[in-house]
Structures are given as structure tokens and as C-alpha cells.
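Heads up, the thing below is written out as C-alpha cells.
Atoms within each ligand, like the ligands themselves, are counted from 1 in listed order. Note: hydrogens, waters and symmetry copies are ignored here, and every other heavy atom, side chains too, is used.
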Amino acid sequence: MKPKILVAREVFPEVLERLRQHFDVDDNQSDAVLGVEGLKARLAGKAGALTAGNDPITPEVLAAAPGLKAVCNFAVGYNNIDLAACTKAGVMATNTPGVLDDTTADLAWALLMSTARSLPAAERWLRAGDWPGFRMMDWLGSDVHHATLGILGMGRIGQTVARRALGFDMTVIYHNRSRLPEDKEAACRARWVDKQTLLREADFLVLLLPYSPESHHVIGAAELALMKPSAHLINVARGGIVDDAALISALRQRRLSGAALDVFEGEPKLNPGFLELDNVTLTPHIGSGSRATRMAMAMTAADNLIAALSGQRPPNLLNPDAWR
Ligand code: DGY
């Protein structure tokens with residue numbers, strides 16, 4: 001008999017087909033968000049699960065699934081998974097690092113350019129029929145070329161964002177708990193600075209930190225106050241890293257020129273303050289959202305699950321103690 005698994009959210013048919021070669025699959029192609037109660041009900045009797053970054057794998061969910069051996073996120077972020085509880089329950093947890101770096105870096109750049117030149121607001125103005133024709137003083141934006149790009153969180157995606165800045169002749173500074181080795185700094189011509197210097201000097205500040213209790217509200221009122229009034233903030237990492245209420249207040253008072261956000265505190269709900277502002281670009285958590293990358297993420301998660309349930313160490317294991 002094949003092991004039973006749950007695919008907790010909609011995935012490409014090719015991924016289901018691959019999984020069905022190994023498992024008895026309970027799918028959720030209607031993409032209904034299961035939440036804690038739904039996961040408890042559907043995980044009972046399952047040996048494994050493919051989950052999205054917003055499916056909560058909590059101690060309560062784990063307790064309802066005593067036969068569970070592996071939870072494989074199709075996301076690089078895994079703040080939805082209580083890793084300590086998984087290890088305690090002997091459940092392996094995996095994520096999908098690497099396959100989405102370029103696509104997410106591309107969106108960071110799309111947002112950066114978009115906020116620099118107020119593209120969404122300018123387009124709304126044009127569509128509303130308000131454009132009287134060329135005028136010298138309309139929609140004056142900020143130059144990206146030769147500006148200073150600041151990156152908070154210099155992992156793989158941060159470095160990928162930095163390398164793209166070379167073509168814009170930008171100065172690149174970054175802050176990370178640990179400094180990159182010299183060859184990696186040289187590859188993206190980036191200079192490590194302390195956090196205060198980063199906040200003070202960046203014209204464009206891109207956030208690329210994972211979410212954890214330590215990174216909660218890493219950018220709040222005090223940090224925003226250090227930034228240049230002409231600066232722009234870009235977040236393609238996770239909601240909750242930024243204090244959204246503090247950001248709205250800074251944008252409203254033009255203490256910050258603009259922001260571009262792909263992630264939000266409490267998403268999919270938005271702080272309604274964002275909707276009143278013209279100096280913020282908003283996208284619905286689509287950082288990794290190219291067809292090829294989403295396919296690679298789902299296939300990577302499937303590979304992890306196949307390995308985990310066939311006695312092999314999954315390539316992207318987050319809690320090695322659960323495997324041992
Ligand atoms: C990730 O991979 O973490 C993306 O945010 C999608 O959840």
C-alpha cells in the first residue's frame with residue numbers, strides 16, 4: 001500500500017501526477033485555505049504533507065496527526081512551521097531554498113523601479129482620464145542609477161538583488177548579522193555597514209530577512225525616522241518585519257518618499273491606511289510568482305517528500321534531528 005499524503009493547497013497537475021506515482025494523494029485543488037481545524041482533520045492518517053507558507057503546522061496540528069513523518073513546504077520561508085514542535089514529534093520539515101532567488105530578486109527590482117517613478121499612481125491617473133498632456137512638472141520621481149541601494153538581510157536573494165545593481169552603477173551597502181566572505185562581497189560590489197548607517201545612507205532599502213520573533217518590526221518608527229525623507233522602502237520578504245502602522249504614518253507625512261510592498265502584517269488583510277496613499281506600490285505576495293519558479297518550488301517540495309518517505313535524507317531538511 002502506498003503511504004497516504006495530503007497536498008494542502010492547489011498545485012500544478014504535473015506535480016500531483018509525480019506524487020501519485022509514490023503516494024495515495026489527498027489533494028486540495030479547490031485551494032480552500034484549510035487552517036488549523038482543516039489541517040487537523042485532513043492530516044489524520046497521513047504520513048506526509050505538501051504545504052504552503054501560510055498553512056500553520058502548529059503543535060495542535062501535529063498532535064492530530066500522529067502518523068506524520070514529513071511536512072514539505074513549497075516555499076523558502078517556513079515561519080508557518082513550528083520547527084521545534086516538529087522535531088519533538090519526529091516530523092521532518094523541509095523548504096525550497098535556491099529555486100526562487102532570481103524570480104524574487106526580479107520582483108524586488110520591479111517594485112524598486114515602480115516606487116522610484118510612481119508607476120501605479122501615474123497609470124491610475126492616466127486611466128482616469130486626468131492626463132492633460134506632457135507637463136514638465138508631472139510625476140517627478142527619483143533616479144535609480146547612481147543611487148545607493150541598501151539591503152537588510154544578505155542571504156542568497158539579497159546577493160542576487162545586489163548583483164543586479166551593477167547595471168545601474170549603484171553603490172551597494174548591506175547589513176547582515178554576519179559579514180559575507182570577501183569574494184561574495186566583491187561579486188556584488190557590496191559593502192557591509194552597521195544597521196544605523198544602512199538606514200541613514202540608503203536611497204532604496206530592500207528588506208530580505210526571514211520572519212522570526214527576532215525580526216518582528218525590525219523596521220518601526222525609530223528606524224523609519226533614521227531614513228532619508230527622499231528614500232524608498234521595498235519589502236519582498238515577510239509581513240511583520242515592518243510595523244505597517246508606523247510605515248503608513250511615515251508615508252502619509254512624507255517623512256519617507258515611497259514604499260513598495262509585496263507582503264503585509266496579517267495578510268491577506270491590509271491595513272486600510274495603505275489604500276489611501278499614492279506613494280505606495282502594493283502587490284499580493286507574488287515574489288516567486290513566475291510559472292517556471294512556482295513549478296520548481298512545488299517539484300522541489302515533492303522531491304523532499306519522496307525522499308523523506310522512502311528513508312532518505314530529504315535534500316532541504318530543516319531539522320536534521322528529526323531524521324536521525
Ligand atoms: C516563499 O517561498 O517563502 C514565498 O514567500 C512564497 O511563500
Exercise. Report yes if some N/O of Thr96 lies less than 3.5 Å from some N/O of ligand 1; otherwise report no.
Key: no
By number and element, which atoms of ligand 1 are closer than 4.0 Å to a non-hydrogen atom of [X]?
X	result
Met297	2 (O)
Ala75	1 (C), 2 (O), 3 (O), 7 (O)
Arg238	1 (C), 3 (O), 4 (C), 5 (O), 7 (O)
His285	4 (C), 5 (O), 6 (C), 7 (O)
Gly77	1 (C), 2 (O), 3 (O)
Leu100	2 (O)

* Between Glu185 and Arg191, is there a salt bridge with N-O shorter than 4.0 Å? -> no
| Any salt bridge between Arg156 and Asp101, counting N to O under 4.0 Å? | yes
Applying salt bridge (charged side-chain N to carboxylate O under 4.0 Å, His left out) to Glu10 and not counting sequence neighbours gives none
Q) Do the side-chain N and O atoms of Asn80 and Asp55 include a donor-acceptor pair separated by under 3.5 angstrom? A) no
| query | Does the side chain of Thr87 pick up a donor-acceptor pair with the side chain of Asp321 at under 3.5 Å? | reply | no
In this structure, atom 2 (O) of ligand 1 is nearest to the protein heavy atom Val76 N, 2.7 Å
Applying side-chain hydrogen bond (donor to acceptor under 3.5 Å, both in side chains) to Thr283 and not counting sequence neighbours gives Asp262
